[in-house]
Number of protein chains: 2
Amino acid sequence: MARISKKDKIFQAAARLFKEFGYQATSMRQLAKEVGLEASSLYSHISSKQELLAQICMSEANKYLEHMNKVMKEENDLLEILKNMSYFHIEVAVEDPVSATVFSDEWRYLEEPTLTEFRNIRKEYESRILHIIARGVNEEVLIDRDPSILFQTFLSSFKWIYIYNRPGRELDKEVLKVTITEVILRGMVK
Amino acid sequence: MARISKKDKIFQAAARLFKEFGYQATSMRQLAKEVGLEASSLYSHISSKQELLAQICMSEANKYLEHMNKVMKEENDLLEILKNMSYFHIEVAVEDPVSATVFSDEWRYLEEPTLTEFRNIRKEYESRILHIIARGVNEEVLIDRDPSILFQTFLSSFKWIYIYNRPGRELDKEVLKVTITEVILRGMVK
DNA sequence: GTCTATAACTTGATAGAC
DNA sequence: GTCTATCAAGTTATAGAC
């Protein structure tokens, strides 16, 4: 007996294809072939192609926000929070590169109302990191530069991992965590 | 009399649409409307949709490689080369965000043989930067960490600019250059 | 060079037999 | 739940009148 349902299989295959070819370039027929069905049979399990993208993006977005909530409750030290966020981003990028890529690159093909919902969650998440960085600048823990620029540079440090880290040239997760976090924090810390 | 040809207008509009909606999601009808023509009339100026993407990506790729060639001839100091590369990436991202986005995000929809050609140019470009960083590690100018990770983190520092820097919230180009370059070099330099 | 008309095909999704 | 058959709409690109 299969431990994962056919519906889950479809979602996993969809994420894989959305990552490899992009949402727009992935057809339902292609997805069906991937899970051993005819295209029409997919609609016994899901309601639309858009539903696939929506669920992948929203569950990923919530994952980041939930982790943030947890960290902010448990940790007060500014640099520890940033370090933790860095580690978490790298952890997700290495452990679930497929969902992370779709979340990062394909969300723009979300339709309303999911698009707005997604944007709101991401904005909430990002504004909290920005706020932490701005605090770091104020408290003279971080260098005295525009917090928005520091924030964007910080976040962009993680965005190459899920693309680069493909089978055959895997980088060690712990080395990635330590190295990237070291570089970006050394760059920003006073 | 128009200073730019209709063909150039088409290419500019195509880049704008490819950036905003993605290559796959942009139709020739949409592009035609943008330049005030019927879709079929576009084919008096260009031979295919693919040609539009190919020219945008290849000319952008060559731009980076040419600049690299120039810098490597004029400059020997390792840190000066990295600083120059950083400035150049930021310059391009601010001055021509449209082409830079298409180059960065839409190249994967290139078809053969252009896809291979594009990959080769990019690989050549990247391997030279990687080589410089590896030299920096060897000569103990940069921190003793995996050069590939330093390289990818370096390059990713610039990838948010053309997305973020939209009309209405422009960041000052010189401030961007100084700040991002400072952060990434402080992080990597011993 | 631009148009209308259309060819040739792919798309997401549905109807209904089994 | 899965299939075959199909729909309606969209796609890139071409043919040929003007």
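Sequence lines set the chain letters: A, B, ... in the order given, protein chains first and strands last, and positions in each chain run from 1.
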Distance, rounded to the nearest Å, where A/Gln24 contributes CD and C/dT10 contributes P: 18 Å
Separation of C/dG12 P from A/Glu111 CD (nearest whole Å): 12 Å
Separation of atom OH in A/Tyr43 from atom P in C/dT14, rounded to whole Å: 7 Å
Flag for B/Gln152-B/Ser156: side-chain donor and acceptor within less than 3.5 Å: no
Distance, rounded to the nearest Å, where A/Met28 contributes CE and C/dT14 contributes C1': 13 Å
Phosphate contact (C/dA13 OP1 or OP2) by A/Ser40 side-chain N/O below 4.0 Å: no
For atom NZ of B/Lys49 and atom P of D/dT11, their distance in whole Å: 9 Å
Phosphate contact (C/dC3 OP1 or OP2) by B/Ser41 side-chain N/O below 4.0 Å: yes
Other residues, nucleotides, ligands: >12 heavy atoms within 6.0 Å of B/Lys63 NZ: yes
pair A/Ile184-B/Thr153: side-chain heavy atoms closer than 4.5 Å: no
Atom pair distance, as rounded to whole Å: CD in A/Glu51 and P in C/dA13: 10 Å
B/Val98-B/Ile10 co-clustered via ILVMFWY side chain contacts under 4.5 Å: no
Sugar-phosphate, base or nothing in reach of A/Ser44, heavy atoms under 4.0 Å: base
Nearest-Å distance for atom pair CD/P, residues B/Glu38 and D/dA13: 17 Å
Parallel, tilted or perpendicular, as decided by the 30° and 60° cut-offs, for the rings of B/Tyr64 and B/Phe88: perpendicular
Distance-only donor-acceptor test (3.5 Å): side chain A/Arg29, base C/dG12: yes
A/Ile46 CD1 to C/dG12 P, straight-line distance once rounded to whole Å: 10 Å
N or O in side chain of B/Lys6 less than 4.0 angstrom from C/dT2 OP1/OP2: yes
Position toward the 5' end of DNA chain C (nearest nucleotide), A/Ser47 or A/Ala25: A/Ala25
